[in-house]
Amino acid sequence: MDPSIQRSLNDKLYDRRKLGALDLEKVVRDCLVQGDHERVRAIIENLCADYAYAVHQPHARNGGLIGLAAASIALGAEVARYLDQIVPPVLACFADQDARVRYYACESMYNISKVAKGEILPFFNEVFDALSKLAADPELSVKNGAELLDRLVKDIVAESASTYVSVLQSGTPEHSISEAADDDSSPTYADDIPFPTAFSLPRFIPLLKDRIHVLNPFTRMFLVSWITLLDSIPDLELVTHLPDFLGGLFRFLSDPNQDVHVATQQALEGFLAEIKRIARVKRGIEESRKNRTVREGHSRTMSDSGSTGTDEATKQAEKLSLDDTNTTTPPDEGDDDGADGSWVPGQDVQVDHQRTLEILIQFLDAPEEEIQLTALRWVDNFFEICPEDLLAFVPRLLSHVLPAIAHPTEPVRHAALKVNTSLLDLITSLADVDPPAVSPVMARLPTKDSITEQRKENRQSLPKDSDVGRKTPTTAAPSPGNVTPVIPSTENLDYSATVNALTLQFLNEHEQTRVSALEWLLMLHRKAPRKMLAINDGTFPALLKTLSDPSEQVVTRDLQLLSQISYNSEDDYFASFMHSLLSLFSTDRRLLETRGNLIIRHLCVNLNPERIYRTLAEILEKDEDVEFASIMVQNLNNNLITAPELADLRKRLRSLDKTEGQTFFVTLFRSWCHNSVATFSLCLLAQAYEQASNLLHIFAELEITVNLLIQVDKLVQLLESPVFTYLRLQLLEPEKYPYLYKCLYGLLMLLPQSTAFGKLKNRLNSVSAIGYLHVPRPPTASVSSGERQTRLKGRGEEFKWMDLLDKFKAVQERQRRYQTQHNVKASNSNISLSGTTAASVLAPSRAPTPGASGNQTGGTPAGTGTGASGQGGAPRPLRGALGIGRLAGGRRVRR
């Protein structure tokens with residue numbers, strides 16, 4: 001450069017620097033006319049080294065910037081070959097500490113870009129990086145200059161990014177494009193290999209991925225604007241790289257700046273609409289190809305069979321063609337559905353749905369409500385876009401969606417419910433893993449009609465004694481008529497991970513979440529019962545523990561699931577379930593008190609009640625905890641007498657002339673021996689009055705406690721209920737039921753002077769004229785009486801009544817020893833703590849006698865007293881219990 005131009009560019013005044021730049025422009029133009037490219041390159045090198053890179057000389061830097069801009073203007077179309085020298089020093093000035101230098105750098109780059117146009121695209125990453133920093137510049141003038149440059153670059157990108165090829169890459173842009181078109185291995189939109197264009201989207205994405213995590217609202221607004229622009233360019237297909245920056249874009253929704261929030265929301269909606277459109281296009285093309293294949297195959301079949309010329313074949317082909325035209329094709333595609341090989345916009349775009357879902361799941365429980373709501377809406381739309389890809393994410397989706405169902409905000413709660421419903425519909429629509437014939441009633445709760453029908457169908461293949469367990473055979477073969485078309489199955493669903501995720505939701509504090517988790521488990525068990533039963537990871541104990549949940553709705557669903565699991569299970573599994581249930585009741589007495597009856601009755605509704613009672617009786621018979629066994633037997637007996645669901649069991653007990661009734665009675669009797677009053681009431685239910693009369697004689701050898709008298713009082717109340725209507729009517733036939741009078745008068749003798757005593761006495765007095773009749777002798781008995789006695793006594797070898805009485809005595813002796821030991825411990829504890837014994841509380845006017853085992857009439861342990869009412873805690877005072885209270889206050893019952 002001439003010395004005069006150098007002095008002008010180094011001047012501190014802008015006008016003189018401008019004059020020097022104009023002179024420099026003339027010099028460069030002359031060099032181009034003369035073809036002196038070496039001098040042009042030397043001038044540019046001089047401007048870069050001596051001016052633009054003069055860090056500590058701001059005026060020189062300003063001169064160098066305006067000089068580079070002037071040289072670029074002078075070069076015009078020839079600037080492309082010199083941009084490698086011109087652009088880097090200008091970009092370096094963007095980071096200068098002096099605001100004026102940064103502003104002049106923006107001005108210089110604006111002029112350079114205006115001349116270079118598409119040739120500036122190879123430097124797009126560097127320019128974008130610099131502009132992203134200047135967008136948050138504290139100096140307003142710099143920010144305004146950067147905004148002007150940003151608009152210009154956006155115009156260039158929007159116009160040329162998808163097609164412009166730099167002149168430096170090949171001879172002409174047209175030649176380069178033709179080479180790329182002729183090359184069969186030319187990269188597609190989804191490839192990582194860049195196009196031979198000046199702008200490379202794959203090379204830009206890492207920079208965007210790095211910058212997307214900024215916090216400054218101005219920079220965020222800058223990034224969103226560029227993302228929106230690039231997405232609007234059809235041939236770039238920014239949506240292919242969406243997973244790389246989607247996470248950062250979602251975080252923009254939490255920005256307090258409303259402009260950033262609105263712009264981000266619009267950008268996300270645009271991406272979602274584009275993904276849906278691409279999926280719709282691909283589905284339409286796939287359907288068209290399938291229909292065309294079917295049509296061609298049908299035509300070939302007709303041609304091979306020689307029937308193409310017939311009228312019938314013609315009608316069939318026309319009908320098939322009409323069916324194909326009525327298929328669900330997107331309305332916006334019309335004829336361009338790709339069936340004829342024509343290209344449809346969007347058919348080649350590859351969207352990574354799985355990576356996108358991975359990112360969305362991270363935001364399903366975001367603390368920001370707007371982010372969580374948007375993520376839920378995106379996931380819900382993916383059921384329409386790619387339902388097959390969602391199966392792998394079901395466990396993780398459930399872990400986030402189910403807690404959101406109880407979100408305090410209505411929009412989030414509604415969106416979570418919608419996603420949960422879509423997930424349920426997706427799994428329900430898939431093919432069952434297990435053949436339907438293996439467990440036909442698993443898909444719904446058992447009803448009487450279905451049970452009867454199934455047992456009729458399987459009666460020939462089942463052994464005679466299998467009716468007790470009422471199990472469905474596991475080796476049944478599906479019938480040919482029930483074969484269903486093959487549809488996608490749930491094999492891609494990880495059942496173990498799904499069940500674990502649902503089980504963890506039992507710990508959630510919200511009731512709706514726990515209920516939804518149980519509904520999911522119910523549905524999964526209907527879909528694949530074998531897989532559910534094969535999962536042995538603590539799910540079953542968790543279901544049992546959930547019975548203690550404070551929510552009635554949760555307990556109901558839990559019982560429904562337990563019943564569904566146990567319905568077609570093997571005997572070992574069912575016995576394990578009953579044993580675990582009893583263990584839970586034993587350790588959690590409060591659960592037994594508050595929900596014991598509810599649980600037992602619900603299980604009896606959904607399962608075989610006889611199977612339940614048999615299994616529980618066999619377990620309780622061997623139970624070493626005699627106190628718990630007595631309480632549990634009392635609860636089971638109360639349900640057996642009062643529950644409407646057990647009416648069939650009561651009828652079976654009254655049919656002792658049949659083998660099934662005898663077996664069931666003996667099973668219950670051996671277990672009911674833990675509770676004397678329950679054993680006596682069982683004999684009354686079975687109309688085994690002679691056995692009940694024998695039990696009363698054994699009662700005389702037992703210690704008559706307050707607990708026992710309370711149970712007798714309740715039994716008297718139950719005798720007045722509709723359940724024992726048959727018994728009250730049998731009082732009118734003393735010849736036929738002689739031992740019934742002995743049983744009732746024996747109860748009357750056991751009771752103190754109480755309301756229950758008065759009720760029973762009044763009942764017996766109402767038939768006193770008949771009741772005073774003597775027991776008829778066997779020779780004078782009527783035919784019906786003889787038949788009745790034969791039913792009770794004639795089967796003595798099979799029934800072994802005396803063995804049952806011996807069993808009762810042995811169990812009651814165990815109860816007496818346990819009671820004695822427990823009363824001694826309780827008495828010693830009371831003496832050491834308060835100086836008074838339980839006997840002094842029950843009978844304060846009398847000292848305890850040595851034979852009372854440290855206790856008086858009411859000396860029952862706390863646990864036994866708990867079981868007296870069948871629900872635990874202090875026994876509720878019933879009508880007729882006043883006399884018992886008076887007895888406990890100062891009377892001792894004599895044997």
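Every heavy atom of this structure was used, including side-chain atoms; hydrogens, water molecules and symmetry mates were not.
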At what distance, to the nearest 0.5 angstrom, does [atom1] of [X] lie from [atom2] of [Y]?
X	Y	atom1	atom2	result
Asn111	Ile73	CG	CD1	4.5 Å
Thr219	Leu131	OG1	CG	11.0 Å
Leu426	Glu388	CG	CD	9.5 Å
Arg16	Ser8	CZ	OG	8.5 Å
Leu83	Ile112	CG	CD1	7.5 Å
Leu373	Ile371	CG	CD1	11.0 Å

Given 3.5 Å as the limit, does a donor-acceptor pair link the side chain of [X] with the main chain of [Y], or not?
X	Y	result
Gln372	Leu364	yes
Asn381	Arg377	yes
Arg220	Val214	yes
Lys117	Ser160	no
Ser113	Tyr110	no
Arg102	Gln97	yes
Asn10	Gln6	no

Whether [Y] and [X] form a salt bridge (side-chain N of Lys/Arg under 4.0 Å from carboxylate O of Asp/Glu) is what I want to check.
X	Y	answer
Asp380	Lys418	yes
Arg151	Glu147	yes
Arg61	Asp98	no
Arg413	Glu410	yes
Arg396	Glu358	yes
Asp150	Lys154	yes

For Thr240 and Gln350, does a side-chain donor sit closer than 3.5 Å to a side-chain acceptor? no
Would you tell me whether Tyr51 and His59 have side-chain atoms, one donor and one acceptor, within less than 3.5 Å of each other? no
[X] side chain near [Y] side chain, heavy-atom distance below 4.5 Å:
X	Y	value
Phe250	Leu360	yes
Leu249	Leu268	yes
Ile359	Phe245	no
Lys26	Arg29	no
Asp23	Val27	no
Phe363	Arg251	yes
Asp231	Glu274	yes
Val127	Phe124	no

Looking only at non-hydrogen atoms, find the nearest pair between [X] and [Y] and report the distance.
X	Y	value
Ser108	Leu65	OG-O, 3.0 Å
Pro243	Thr356	CG-OG1, 3.7 Å
Ala135	Lys143	O-CE, 3.8 Å
Asp494	Pro395	O-CG, 4.1 Å
Cys93	Ala52	SG-O, 3.7 Å
Val90	Ala105	CG1-O, 3.7 Å

Do other residues, nucleotides or ligands put more than 12 heavy atoms under 6.0 Å from the [atom1] atom of [X]?
X	atom1	answer
His37	NE2	yes
Phe383	CZ	yes
Gln362	CD	yes

Would Val28 and Tyr82 count as a side-chain contact (heavy atoms from CB on, under 4.5 Å) here? Give the steps. CA-CA 13 Å; Val28 173; Tyr82 301 102; over 6 Å; no
Specify whether Trp226 and Phe222 have parallel, tilted or perpendicular ring planes, treating 30° as the upper limit for parallel and 60° as the lower limit for perpendicular. perpendicular
Please report whether the ring centroid of Tyr103 lies less than 6.0 Å from that of Phe94. no
Taking the six-membered ring for Trp and the full ring for Phe, Tyr or His, determine whether the centres of Tyr164 and Phe199 are under 6.0 Å apart. no
Taking it one step at a time, do Ser162 and Thr197 satisfy side-chain contact (heavy atoms from CB on, under 4.5 Å)? CA-CA 7 Å; Ser162 59; Thr197 54; over 6 Å; no
Report yes or no: is the cationic atom of Arg17 (NZ for Lys, CZ for Arg) under 6.0 Å from the centre of the six-membered ring of Tyr104, at an angle within 45° of the ring normal? yes
Is there a side-chain contact (heavy atoms from CB on, under 4.5 Å) between Phe128 and Leu223? Walk through the geometry before answering. CA-CA 10 Å; Phe128 180 89; Leu223 294 175; 3.6 Å; yes
Criterion side-chain contact (heavy atoms from CB on, under 4.5 Å) on Leu75 and Ile44, from CA distance to verdict: CA-CA 11 Å; Leu75 289 171; Ile44 293 175; 4.2 Å; yes
